[in-house]
Amino acid sequence: MQYQFNAIEKKWQQYWEEHKTFAAEDGSIKPKFYALTMFPYPSGAGLHVGHPLGYIACDIYARYKRLQGFNVLQPMGYDSFGLPAEQYAIQTGQHPAITTKTNISGGTDKDGNVIPGYRKQLDIIGFSYDWDREVWTSNPDYYKWTQWIFKQLYNSWYNKDSDKAERIETLTDIFATEGNANINAASSDVETFSASDWNGWSEDQKQLMLLNYRIAYLSDTWVNWCPALGTVLANDEVKDGVSERGGHPVEQKLMRQWSMRITAYAERLLQGLETIDWTDSIKDIQRNWIGKSQGASVFFDVDGHDNQIEVFTTRPDTIFGVSFMVLAPEHELVDQITTADQKEAIEAYKKAASLKSERDRQSDIKNVTGAFTGACAIHPFTGDKVQIWIGDYVLASYGTGAVMAVPCGDQRDWDFATHFGIEIKNIFKDIDVSEAAYAEKDAVIANSDFLNDMPAKKAIKAAIYEIEQRGFGKGKTQYRLRDAVFSRQRYWGEPFPIYYKGDVPYVMDDSTLPVTLPEIDKYLPTEDGEPPLARAKKEDWNVTCPGDRMEYNTMPGWAGSSWYFLRYMDPKNDGEFVAKEKVDYWKNVDLYIGGAEHATGHLLYSRFWTKFLYDLGYIPFEEPFQKMINQGMIQGNSALVYRDQTSGKYVSKGKRDSSGNYSSIHVDINMLEGDRLDTEQFKNWREDYKNAEFILEDDGSYICGREIDKMSKSKYNVQTPDDLVEKYGADTLRCYEMFLGPLEQHKPWDTQGITGVHGFLKKLWRLFHDNGISEEAPAKEELKSLHKTIKKVQEDLDRYAFNTPVSTFMICVNELTALKCNKKVILNDLLIILSPYAPHIAEELWATLGHTESISSAVFPKYNEEYLTESNHKYPISFNGKMRFTLELPANMSPADIEQVVLADEQTAKYLEGKTPKKVIVVPKKIVNVVV
RNA sequence: GCGGAUGUGGUGGAAUUGGUAGACACGCCAGAUUUAGGAUCUGGUGCCGCGAGGCGUGGGGGUUCGACUCCCUUCAUCCGCACCA
């Protein structure tokens, strides 16, 4: 009987769907397990073999947990708002909702190309998803709740005393009774006001004040404006001064934007990393992004002015080493304090600095540049005058945009001082700073008044204490993390539940949600540069706007993905974003699999929203994803042909010579069998190649060159899962993707090895069909083979090693084949442990054993150590650590006896060369080592 | 510059706590079977050497009876951050 994988796979996929085999049960008495992969953006290009890698691993783990008796939740959905659908809409006029639906459900695009659809592509791989929980972020009944969460963020403030978000009413109550003087909140810069001030204000005035406290707030902020895309970008959407998508230039622009006060959560986002099981690299990237530094904020008076310069320093202990100050060229005080005779030099420098691109300013480290303002600051302790300079090594965007320069303790300050001939004060005991600065914190402070003879750590505390006592400043913790801009000038995103009365924003009532996207004539900005939604008239909206106009911006891509894992628990709830009892049962995601590229985007924002929802008491946990694995990228394996530039002939790889001048051309990998090119297909591929002439290998074949590239259409190296499922079956594809190597590693795609995995499944099939099934009791050897497989597979999966179980299964099937094993008890358990990897063939063979229930309801077998213990052990006998021969000895033989037997063995004499062994090491059941 | 990851046959990789390096698979070689095969089966395959033997986990050093594994140092590749005060 043939292994007809196509028929089998179709049959069982249908069975699972009809029987709802993988439905998760809310509030079961079983322990829960929540397995999740990052949901995809459904692009028109469809899935290639790299996409399912993480899905397959997650599915294997979910099926494994189910066999272990867990109530498993493994859902799937789509992050379906996004730029490509909108770009396509701009080009074709087609509503993005339509193209999005086609990309998911299948159909044809505008040019008549058939799009299989994500759903179908996923279905043929045989995932155990509970499809009844599917969510699309672009569906109104989903984004209704994204809007609702936005409203919660809008209606909350961050109380630093209780260290959590609280309802805005608790804040307005305090304002009404005592003003804001005693409020310790995460806020924008605000003036102090009294209760009577507040109570006397108009509604609009109160609203504008509250924006300084709301966690979702509107403010004029410098944003990364991308003219080509017509939108703002978040910091993590900008790479090297250009947009991450499309590589368009990005400039700084002041705009009125919605922002998220994520900075309020900086410390908790940092601390939370200690409680979750993620890779060090992702945690480090997040720590870096949050960028905590501790030190002091210190104020320096400007000589002859009323102004003060605020600096942030991590080394307040070196304050007596300050010999000058440096402001960023963009610092607001520069123009005010510059003296007349320095004006020209400063203006010239400012201009030069502004002309330099951000990149140049960063890369040009060797050239020390700067200019003297002519003004001086007063050292708060010594009263000495210190010169104030500007220099582009000080960044306006970090800290206060000003530094107190301590040349003896900071190399950049040292370089600056040396270059401009400024005094370098040495405040370190017994340390030479004539050649370079000394930045280590192990020095003892000298020449520093009350800090003398203190080691740095103690001196930092003493300095902060004294600075605070004398009122020059205070201890401060600084974060690099910025509030996240939350507006996009786009159509295809969540509309804000916001309307305006004049310039004052108000939230829509809950009863009106969702505010859906109105139809518009074009998906482009208006002539006045307003976002596309400004094209909609008031009456085009599905809600009655109570004010002058609705909000024209939409939410960014990360809005919907920041909380989707919660919606899967209760996807159809129309009264709440998730029912309390459901989230109390399912809690956070136990295993999350996805790409590492979301380190500072999605993975940071969902942690932020989770903590916020926790603060308001909606969910019982602070971290969304307890354990995370980042799957590696599967790279494309491109095929190249070599064209001789002079003769125009296509030369096979092995026939090239060093004198030739060849251009390499990417060719479609589907025209290859192994590395051999189908030359006829090549000729028919393009008009240009119709008359191609070849120089072939001696055996008459044309061999292509290979190159590892990113998998992409332009390199003709895209391998779709569909083709492979058609040719080898989903079970083969699943096993092969795992067999390729460790999940986390990047690896090139290579179909060469897939036949080996396919052969293994065929061999398994034959095990059940060649000799019939026997009810006989199994032999010892058969039990041993099975149980060592159970043990190894379980141990591997428990440490998330997905590649090694495949080899383990192969070994087991090879052994059972050699033993001609057809015992039902053995094959039965083998199928169960194999079923997470190859579920279709497992179900089919399971049925041939007489079972009527799905194998997914079976119980993962327990291995029995008894079957694994052996009476004899084959000892490797080594001499000076080098293995020479093996000796089979009883497992329970004492080390002393083993030593005797080994020394008496005739083979030993050869390696002793007549000498007496110095020492014999015997490790029971491991090894014998004779030291000569 | 700082931080993180990776480095093992012709190839993908295995070796979980230091104990026979190269499991399993691809490829290759030889053979069997078949009308045929991109089917199936058997045997071989780290490198050097006719052999005895020697050498081998990016390089160098160390600890140890014994090191892919631990320590020091160095190189290469990839990723993140970067005048961060």
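Not measured: the values here are computed from a predicted model. Heavy-atom basis, side chains included; hydrogens, waters and symmetry copies ignored. The chains referred to below are lettered A, B, ... by the order of the sequence lines, with proteins before strands, and numbering in each begins at 1.
What separates CZ of A:Phe739 from C1' of B:rA23 is a distance of 10 Å, to the nearest Å. Going from atom CG of A:Leu481 over to atom P of B:rC81 covers 14 Å, rounded to whole Å. The CZ atom of A:Arg799 sits 9 Å away from the P atom of B:rA14 (whole-angstrom rounding). Following rounding to the nearest Å, A:Met883 (CE) and B:rG22 (C1') show an atom-to-atom distance of 13 Å. What separates NZ of A:Lys283 from C1' of B:rC81 is a distance of 19 Å, to the nearest Å. In this structure, A:Lys926 places its NZ atom 12 Å from C1' of B:rA15, rounding to the nearest Å. Rounded to whole Å, atom C1' of B:rG13 lies 12 Å from atom CG of A:Asp750. Per the geometry, CH2 belonging to A:Trp749 stands 14 Å off C1' belonging to B:rA25, to the nearest Å.
Here, B:rC47 and B:rG56 have their C1' atoms 7 Å apart, quoted to the whole Å. Taking the C1' atoms as reference points, B:rG60 lies 46 Å from B:rU42, given to the whole Å. Rounded to the nearest Å, the gap between the C1' atom of B:rC78 and that of B:rU73 is 22 Å. Rounded to a whole angstrom, the distance from the C1' atom of B:rU69 to that of B:rG7 is 14 Å. Separating the P atom of B:rA52 from that of B:rG46 is a span of 15 Å, rounded to the nearest Å. Remark: the separation of the C1' atoms in B:rA15 and B:rU8 is 10 Å, to the nearest Å. On the C1' atoms, B:rG44 is 16 Å away from B:rC26, given to the nearest whole Å. With both ends at atom C1', the span from B:rA23 to B:rG9 equals 13 Å, rounded to whole Å.
Residue contacts shown for A:Pro748 are absent, as no nucleic acid heavy atom lies under 4.0 Å away. At a threshold of 4.0 angstrom between heavy atoms, the contacts of A:Lys792 include nucleobase atoms, whether or not backbone atoms are also involved. No contact: A:Asp413 has no heavy atom under 4.0 Å from any strand. Contact annotation for A:Lys791: no contact, since no heavy-atom pair falls under 4.0 Å across all strands.
With B:rC81, B:rC24, B:rC83 as the candidates, the nucleotide lying closest to the side chain of A:Leu395 is B:rC83.
The pairing partner recorded for B:rC28 is B:rG44, the criterion being a Watson-Crick or G-U wobble arrangement whose two distances lie under 3.5 angstrom. Base-pair partner of B:rG56: not found among the strands shown (Watson-Crick or G-U wobble, both distances under 3.5 Å). Summarising the base pairing, B:rC78 is matched to B:rG4 through a Watson-Crick or G-U wobble pair whose two defining distances lie under 3.5 Å. B:rC68 is unpaired under the Watson-Crick or G-U wobble criterion, no partner having all donor-acceptor distances under 3.5 Å. In a base pair of the Watson-Crick type (N1 to N3 plus N6-O4 or O6-N4) or a G-U wobble (N1-O2 and O6-N3), with each distance short of 3.5 Å, B:rU34 is matched with no nucleotide. Checking B:rC83 for Watson-Crick or G-U wobble geometry (two distances, each under 3.5 Å) identifies no partner in any strand.
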Start with the C-alpha distance between A:Asp410 and A:Tyr438, add both sets of side-chain angles, then the distance that settles side-chain hydrogen bond (donor to acceptor under 3.5 Å, both in side chains), and finish with yes or no.
CA-CA 7 Å; A:Asp410 183 291; A:Tyr438 189 80; over 6 Å; no
Quick one, A:Asn717 with A:Lys710, criterion side-chain hydrogen bond (donor to acceptor under 3.5 Å, both in side chains). Give me CA distance, side-chain angles, the key distance, then yes/no.
CA-CA 9 Å; A:Asn717 61 3; A:Lys710 204 172 169 180; over 6 Å; no
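Looking at A:Arg482, its side chain does come within 3.5 Å of a backbone N or O of A:Arg480 through a donor-acceptor pair. With hydrogens and angles disregarded, a donor-acceptor distance shorter than 3.5 Å links the side chain of A:Lys747 to the backbone of A:Pro742. Under the 3.5 Å distance criterion, the side-chain polar atoms of A:Trp278 are left unmatched by any main-chain donor or acceptor of A:Asn630. Side-chain N or O atoms of A:Arg315 include none that pairs as donor or acceptor with a backbone N or O of A:Gly409 at under 3.5 Å. Remark: side-chain polar atoms of A:His873 are not paired, donor with acceptor, to backbone N or O of A:Tyr875 under 3.5 angstrom.
Residue A:Tyr393 forms a side chain to side chain donor-acceptor pair (under 3.5 Å) with just one option from A:Asp413, A:Asp415, A:Thr369, and that option is A:Asp413.
The aromatic rings of A:His758 and A:Tyr728 sit perpendicular to each other, their planes meeting at more than 60°, with 30° as the lower class boundary.
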Tell me which donor-acceptor pairs under 3.5 Å the side chains of residues 292-300 of chain A have, and how far apart each pair is, sequence neighbours excluded?
| unit_1 | atom_1 | unit_2 | atom_2 | d |
| --- | --- | --- | --- | --- |
| A:Lys292 | NZ | A:Glu267 | OE1 | 2.9 |
| A:Lys292 | NZ | A:Glu267 | OE2 | 3.0 |
| A:Ser293 | OG | A:Tyr398 | OH | 3.1 |
| A:Ser297 | OG | A:Glu310 | OE2 | 2.9 |

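Here the straight-line distance linking atom CE of A:Met633 with atom CD of A:Gln631 works out to 10.5 Å at 0.5 Å rounding.
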Please write out each protein N/O paired with an N/O of nucleotides 76-78 of chain B under 3.5 Å, distance rounded to 0.1 Å.
none

Tabulated below should be each protein N or O lying under 3.5 Å from an N or O of nucleotides 56-66 of chain B; please produce it.
| unit_1 | atom_1 | unit_2 | atom_2 | d |
| --- | --- | --- | --- | --- |
| B:rC65 | O2' | A:Asn929 | ND2 | 3.0 |
| B:rC65 | O2 | A:Asn929 | ND2 | 2.7 |

Nucleotides 3-7 of chain B: which of its N/O atoms have a protein N/O under 3.5 Å away?
| unit_1 | atom_1 | unit_2 | atom_2 | d |
| --- | --- | --- | --- | --- |
| B:rG3 | O2' | A:Asp284 | OD2 | 3.2 |

Under 3.5 Å, which N/O atoms of the protein pair with N/O atoms of nucleotides 39-43 of chain B?
| unit_1 | atom_1 | unit_2 | atom_2 | d |
| --- | --- | --- | --- | --- |
| B:rC41 | OP1 | A:Arg766 | NH2 | 2.7 |

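With the nearest nucleotide of RNA chain B identified for both A:Thr313 and A:Thr886, A:Thr886 has the one nearer the 5' end.
For A:Asn803, a side-chain nitrogen or oxygen approaches OP1 or OP2 of B:rA14 to under 4.0 Å. The phosphate of B:rA85 (OP1 or OP2) has no side-chain N or O of A:Arg480 nearer than 4.0 angstrom.
Nearest heavy atoms, A:Cys821 versus A:Leu767: O-CD1, 3.6 Å. Of all the heavy atoms in A:Ile319 and A:His379, the pair that sits closest is O-NE2, 2.7 Å. The heavy-atom pair separating A:Ala328 from A:Ile390 by the smallest distance is O-CG2, 4.4 Å.
Residue pairs meeting the salt bridge (charged side-chain N to carboxylate O under 4.0 Å, His left out) criterion with at least one member in residues 276-290 of chain A, sequence neighbours excluded, are A:Glu274-A:Arg287, A:Asp277-A:Lys627, A:Asp284-A:Arg287.
Annotated as syn: B:rG9, whose glycosidic dihedral is within 90° of 0.
Proximity of A:Glu899 to A:Val928: side-chain heavy atoms (C-beta onward) are nowhere separated by under 4.5 Å. At a threshold of 4.5 Å between non-hydrogen side-chain atoms, the residues A:Phe809 and A:Cys735 do not count as touching.
Residue A:Asp392 places a side-chain atom within donor-acceptor reach of the base of B:rC83, judged by atom type and a 3.5 Å distance cut-off alone.
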